[in-house]
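Just so we're clear, the structure is a prediction, and the values are computed from it rather than from any experiment. Just so you know, these numbers use all the heavy atoms, side chains as well, and skip hydrogens, waters and symmetry mates. Index from 1, following the sequence.
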Amino acid sequence: MDIVPRLLPFLLSVAREGGIVAAADILMVSPSAVSQQIQKLEEEVGLKLVERTTSGAILTPAGTIVAEAGERINADIAEALKALRPLTGQVTGTVTLGAFLTICRSTLIPALPDLEEALPGIDLRIEETEETPGMAALRTGRFDILVIERDEDPGLPPRGYTDIPFIDEPWVLVTPDSAPPIRSIEDLADLTWLRVSPGSSGDHVMRRITKAFPDTSWAPHLYTTYEAARSLVRARAGSTILPAMALAGAHRTGMRITPLPSLGTRKILLRHKNHGWSEGGGPARVVSFLTEWQRHNSYATQAD
């Protein structure tokens, strides 16, 4: 009785994929090659490891024992490689990043596969959060990086923190499809506006724009999420200003989207605490990667 380690990937693929053909696709070999390697492993072990059925292939009790051993071997090798990375000069460690929903969907999650390839020693953990609880987590060290949003002029960060520019995102006008076309900033005076959760960057831009119109008409409805904003606009309850990211990938039936350069941009920033920050450390490497990644990838085609 023996187990040849080089044959284990064939058994593990059958176990994970549920069949010889599916395993062959993953391994990029022929189904007959998978069957032959499984047979060799069975001969080495001296027991039947895989049972062929009409719906695929299942592991026998002996096959399960061997596959579990194979998984443990893979995990041990992965841990060994992780422990070796610092000796090669690679940056390692866990980096925790807090961010609001739209930036998670549009940028951070799509960037994960590339980040894992570029920084294999970094274990990036993304946590959805809003700014107030996010700042508490950043202050205590639970977060290494916090993504925040500001309207136009972001101002100075709190003492002891640094804000790194990440994305300049245009604000766009969103009106019901029944509203007249808007061709200039002056035409905004005739719209009825939805109310936005006070203190948010959306509320700031709405008040920045509407303060020029003394007789602004406000709808009785107030929204917090972009999904609610889009639904209210479709229901012809009022108009609003949203970041472009909030509209990418969304159904636009019932809405008219009008880009107006005079609306300005939403500033998205990466904030970190200065104490303990190192330009060669894991968090700094993550920030550098993300700022470079977003320059080459359009959030507008990825957001939901």
CD of Glu292: more than 12 outside heavy atoms within 6.0 angstrom? yes
Are more than 12 heavy atoms from other residues, nucleotides or ligands located less than 6.0 Å from atom NE2 of His221? yes
Is there a donor in the side chain of Ser217 and an acceptor in the side chain of Thr192, or the other way round, less than 3.5 Å apart? yes
Nearest-0.5 Å distance, OG1 of residue Thr175 to CD1 of residue Ile257: 7.5 Å
Does Arg208 pair with Glu152 as a salt bridge, N-O distance under 4.0 Å? yes
Does a salt bridge link Asp203 with Arg207, judged by any charged N lying under 4.0 Å from a carboxylate O? yes
Taking salt bridge (charged side-chain N to carboxylate O under 4.0 Å, His left out) as the cut-off, I'd like each qualifying pair that reaches into residues 173-188, sequence neighbours left out, listed once. Asp177-Arg236
Ion pair present between Arg230 and Glu227, side-chain N to carboxylate O less than 4.0 angstrom? no
Within-4.5 Å side-chain heavy-atom neighbours: Leu49 and Leu41: yes
Under 3.5 Å donor-acceptor, Gln294 side chain and Phe166 backbone: yes
Heavy-atom nearest pair, Pro181 first then Arg256, reads N-NH1, 4.0 Å
Using a strict cut-off of less than 4.0 Å between a Lys/Arg side-chain nitrogen and an Asp/Glu carboxylate oxygen, indicate whether Arg266 and Asp151 qualify as a salt bridge. no
Using a strict threshold of under 4.0 Å (side-chain N to carboxylate O), is an ion pair present between Glu128 and Arg105? no
What I want to find out is whether Glu279 reaches Arg285 closely enough, with some N-O distance under 4.0 Å, to be called a salt bridge. no
Considering the options Lys267, His272, Arg271, which one meets the side-chain hydrogen bond (donor to acceptor under 3.5 Å, both in side chains) requirement together with Asp163? Arg271
Test side-chain contact (heavy atoms from CB on, under 4.5 Å) applied to Gln37 and Arg6, step by step: CA-CA 10 Å; Gln37 299 306 311; Arg6 65 178 176 80; 4.1 Å; yes
